[in-house]
Amino acid sequence: MPEQCDPRPYDALLLLSFGGPEGPDDVVPFLENVTRGRGIPRERLKEVGQHYFLFGGVSPINAQNRELLDALRTDFAENGLDLPVYWGNRNWAPYLTDTLRTMVHDGHRRIAVLATSAYASYSGCRQYRENLADALAALQAEGLELPQVDKLRHYFNHPGFLRPMTDGVLASLAELPEEVRDGAHLAFTTHSIPTAAADTSGTPADHTRGGEGGAYVAQHLDAARVIADAVRAETGVDHPWRLVYQSRSGAPHIPWLEPDICDHLEEAHTAGVPAVVMAPIGFVSDHMEVRYDLDTEATAKAAELGLPVARSATVGADPRFAAAVRDLLLERASAERGGTPERCALGALGAGHDLCPVGCCPARTPRPAAAGADWRGPVAEAPV
């Protein structure tokens, strides 16, 4: 088998995502899955779910994952990569445990995992690994032979992730009225998280104190800088930019990353900014937090201010992203075979680690997390 399309030792790829409701009756049960263990009353979940009900109770994320699944299978077939691709979710059907069970029954024992989260953080990396550990423990309890699962590295700075979003920003600039286009500011948005979680994101060497944001903020800033530089090279215009946040939840007294996108729009308007492009670089697809928080809430705020805005696209099922996943898979496969593959990355931070080290994106309460240096199997004690 040619080295450039040899997936060994992997015999399957798992697309691992968050999941979302696909009808009104699914909304509250879905939110119960997401918030399990937090003691949030059902009536409160109904209030939280109102933005889903605005869209018929359907999150776009599952349909978008089906499109990505098709794009991955098409890319693999067209490039001679004979590897089946499965899909499982953390919080809704198809559930991760069910998908892993199917993969085991299908004979797969060495599985590469792509999480639909490109950056380092507890919720964007380690929590996925904890869910993998939980699923493996469930299969072990059923007496099944367990596969080895390896999570592919963070891809926030892979060209196949950044170049489609650069094109999205360029397209959004072109949508703005000509008289405000050159003066438009770029607001690169991502999910806000508690500052304490941001400061402990990434490896222990990445951790910071004083709200600097650890690897989570550093990686987003690196990605934003690459896109802004590419836009300047393409247009000849140096558009001012800032990393801003959205989708905050949780208790008001707990510090979260700021500024919020709506607050930023108000500040931009007050400062005389003529237009803003909102670029959701923290998200792989145009799911609910993009459709509601940006397309609905932030766009309404901009209209109230009389501030022209445009929202650029996420990568979704772009063929370049599918090719990037193939590249990440084959890169990791070569490394597992003892090779030294070229590791594609733009920006200043370089390609990240393959195996999450001990202390990477720690949880508040230690729990077993698969696919990391601290993983010893489902029956191991929780790592310290």
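Numbering of residues begins at 1 and proceeds along the displayed sequence. Here the structure is a predicted model, which is why all the values come from computation and not from measurement.
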I'd like to know if Arg163 pairs up with Asp318 as an ion pair, taking the criterion as any Lys NZ or Arg NE/NH1/NH2 lying under 4.0 Å from an Asp or Glu carboxylate oxygen.
no

Let me check something: do Val180 and Leu307 share a hydrophobic cluster, defined by ILVMFWY side-chain heavy atoms less than 4.5 Å apart, either directly or through other members?
no

In terms of the angle between their ring planes, are Tyr292 and His51 parallel, tilted or perpendicular, with boundaries placed at 30° and 60°?
tilted

His108 and Tyr10: side chain donor to acceptor below 3.5 Å
no

Would you sort out whether Glu130 and Arg364 count as a salt bridge (Lys or Arg N to Asp or Glu O under 4.0 Å), showing the intermediate values?
CA-CA 13 Å; Glu130 291 177 352; Arg364 291 183 297 274; over 6 Å; no

I'd like to check Val325 versus Asp75 (side-chain heavy atoms, cut-off strictly below 4.5 Å). Are they in contact?
no

Do Tyr119 and Val226 belong to the same hydrophobic cluster, where Ile, Leu, Val, Met, Phe, Trp and Tyr are linked whenever their side-chain heavy atoms lie under 4.5 Å apart, directly or via other members?
yes

Check this for me: does any side-chain nitrogen of one of Arg343 and Asp354 sit under 4.0 Å from a carboxylate oxygen of the other?
yes

Before you tell me yes or no, could you show the steps for Tyr155 and Val315 under side-chain contact (heavy atoms from CB on, under 4.5 Å), namely the whole-Å CA-CA distance, both residues' side-chain angles and the distance that decides it to 0.1 Å?
CA-CA 12 Å; Tyr155 46 87; Val315 297; over 6 Å; no

Taking every non-hydrogen atom, the tightest pair across Arg126 and Cys361:
CD-O, 3.0 Å

Which pair of heavy atoms, one from Thr203 and one from Pro357, lies closest together, and at what distance?
CG2-CG, 3.7 Å

Could you measure the distance from the NE2 atom of His264 to the CE atom of Met278? Nearest 0.5 Å is fine.
10.5 Å

Would you find more than 12 non-hydrogen atoms of other residues, nucleotides or ligands less than 6.0 Å from Glu142 atom CD?
yes

Single-linkage hydrophobic cluster Leu186~Leu305, side-chain heavy atoms < 4.5 angstrom:
no

Give a yes or no on whether a salt bridge exists between Arg320 and Asp167, defined as a side-chain N under 4.0 angstrom from a carboxylate O.
yes

Check whether any side-chain heavy atom of Glu267 sits under 4.5 Å from a side-chain heavy atom of Val273, and report yes or no.
no

Nearest-0.5 Å distance, OG of residue Ser312 to CG of residue Leu294
9.0 Å

Taking atom types as modelled, find out whether Thr116 and Ser17 have a side-chain donor-acceptor pair closer than 3.5 angstrom.
yes

Does Tyr216 offer a backbone N or O that forms a donor-acceptor pair with the side chain of Ser201 under 3.5 Å?
yes

When you measure from the side chain of Arg242 to the backbone of Ala187, do you find a donor-acceptor pair of N or O atoms at a distance under 3.5 Å?
no

Strictly distance-based, threshold 3.5 Å: is any side-chain N or O of Thr296 a donor or acceptor partner for the main-chain N or O of Arg291?
yes

Should the pair Asp327-Arg332 be classified as a salt bridge under the 4.0 Å nitrogen-to-oxygen rule?
no

Quick check: is Phe53 connected to Val58 through a chain of hydrophobic side chains (ILVMFWY, heavy atoms under 4.5 Å apart)?
no

Could you tell me if the side chain of Phe30 sits less than 4.5 Å from the side chain of Asn91, heavy atoms only?
yes

When you look at Leu81 and Leu330, which way does the side-chain contact (heavy atoms from CB on, under 4.5 Å) test go after all the steps?
CA-CA 9 Å; Leu81 180 56; Leu330 294 176; 3.9 Å; yes

Tell me, with the steps shown, if His207 and Asp199 meet side-chain contact (heavy atoms from CB on, under 4.5 Å).
CA-CA 5 Å; His207 298 175; Asp199 282 352; over 6 Å; no

If you measure from CG on Leu346 to CG on Asp229, what distance do you get to the nearest 0.5 Å?
11.0 Å

Taking the six-membered ring for Trp, are Phe321 and Phe161 parallel (under 30°), tilted (30 to 60°) or perpendicular (over 60°)?
tilted

Nearest atoms (heavy-atom pairs only) where Leu45 meets Leu31
O-CD1, 3.3 Å

Asn157 and Gly350 have their tightest heavy-atom pair at ND2-O, 2.9 Å

Scan for ring-ring contact (aromatic ring centres under 6.0 Å, His included) pairs involving residues 174-201, sequence neighbours excluded, and state none if there are none.
Phe188-Trp241

Any donor-acceptor pair under 3.5 Å from Gln246 side chain to Ser192 backbone:
no

Rounded to the nearest 0.5 Å, how far apart are NE2 of His154 and OG of Ser117?
7.0 Å

Taking only Lys NZ, Arg NE, NH1 and NH2, and the carboxylate oxygens of Asp or Glu, determine whether Arg101 and Glu145 approach each other closer than 4.0 Å.
no

Take atom CD in Glu178; do more than 12 heavy atoms of anything else shown fall under 6.0 Å from it?
no

Just how far is it from atom CG of Asp150 to atom CG of Leu14, taken to the nearest 0.5 Å?
12.0 Å

Give a yes or no answer on whether the side chain of Arg337 reaches the backbone of Pro9 with a donor-acceptor pair at less than 3.5 Å.
no

Asp374/Arg129 under salt bridge (Lys or Arg N to Asp or Glu O under 4.0 Å): CA gap, chis, key distance, verdict
CA-CA 11 Å; Asp374 51 4; Arg129 294 174 48 224; 3.0 Å; yes

Is there a donor-acceptor contact under 3.5 Å from the side chain of Asn89 to the main chain of Gly20?
no

Could you check Ile61, Asn62, Val284 and say which one makes a side-chain contact (heavy atoms from CB on, under 4.5 Å) with Phe18?
Ile61

Which pair of heavy atoms, one from Thr97 and one from Ala138, lies closest together, and at what distance?
CG2-CB, 4.0 Å

Do side-chain atoms of Gln64 reach the backbone of Asp286 as a donor and acceptor pair under 3.5 angstrom?
yes

Side-chain contact, heavy-atom cut-off 4.5 Å: Phe156 with Leu349?
yes

Write down the atom of Ala133, the atom of Ala370, and the distance for their closest heavy-atom approach.
CB-N, 3.7 Å

So that I can tick it off, tell me whether Glu336 and Arg110 are bridged by a salt bridge, with the cut-off set at under 4.0 angstrom between side-chain N and carboxylate O.
yes

Tell me yes or no: between the side chains of Asn131 and Tyr95, is some donor less than 3.5 Å from an acceptor?
no

Would a distance-only check, ignoring hydrogens and angles, find a side-chain to backbone donor-acceptor pair under 3.5 Å from Asp222 to Gly347?
no

Could you name each residue pair satisfying salt bridge (Lys or Arg N to Asp or Glu O under 4.0 Å) that touches residues 40-49, not counting sequence neighbours?
Glu32-Arg42, Glu43-Lys46, Arg44-Glu47

Regarding Arg326 and the six-membered ring of Phe76, is the cationic atom NZ or CZ under 6.0 Å from the ring centre and inside 45° of its axis?
no

Taking a hydrophobic cluster as the set of Ile, Leu, Val, Met, Phe, Trp and Tyr residues connected by side-chain heavy atoms closer than 4.5 Å, whether directly or through intermediates, do Leu68 and Ile281 fall within one such cluster?
yes

Quick one: does Thr190's side chain get under 4.5 Å of Val244's, heavy atoms only?
no

Measuring from Leu16:CG to Tyr128:OH, what's the distance to the nearest 0.5 Å?
6.0 Å

Is it the case that the side chain of His220 and the backbone of Leu243 share a donor-acceptor pair, with hydrogens and angles ignored and the cut-off at 3.5 Å?
no

Looking at Pro21, is its backbone amide N or carbonyl O close enough to the side chain of Asp26 to form a donor-acceptor pair, meaning the two atoms are under 3.5 Å apart?
no

Please walk me through it: do Ile193 and Ser123 pass side-chain contact (heavy atoms from CB on, under 4.5 Å)?
CA-CA 9 Å; Ile193 61 175; Ser123 58; 4.3 Å; yes

Identified side-chain contact (heavy atoms from CB on, under 4.5 Å) counterpart of Arg311 within the set Val290, Val277, Val276
Val290

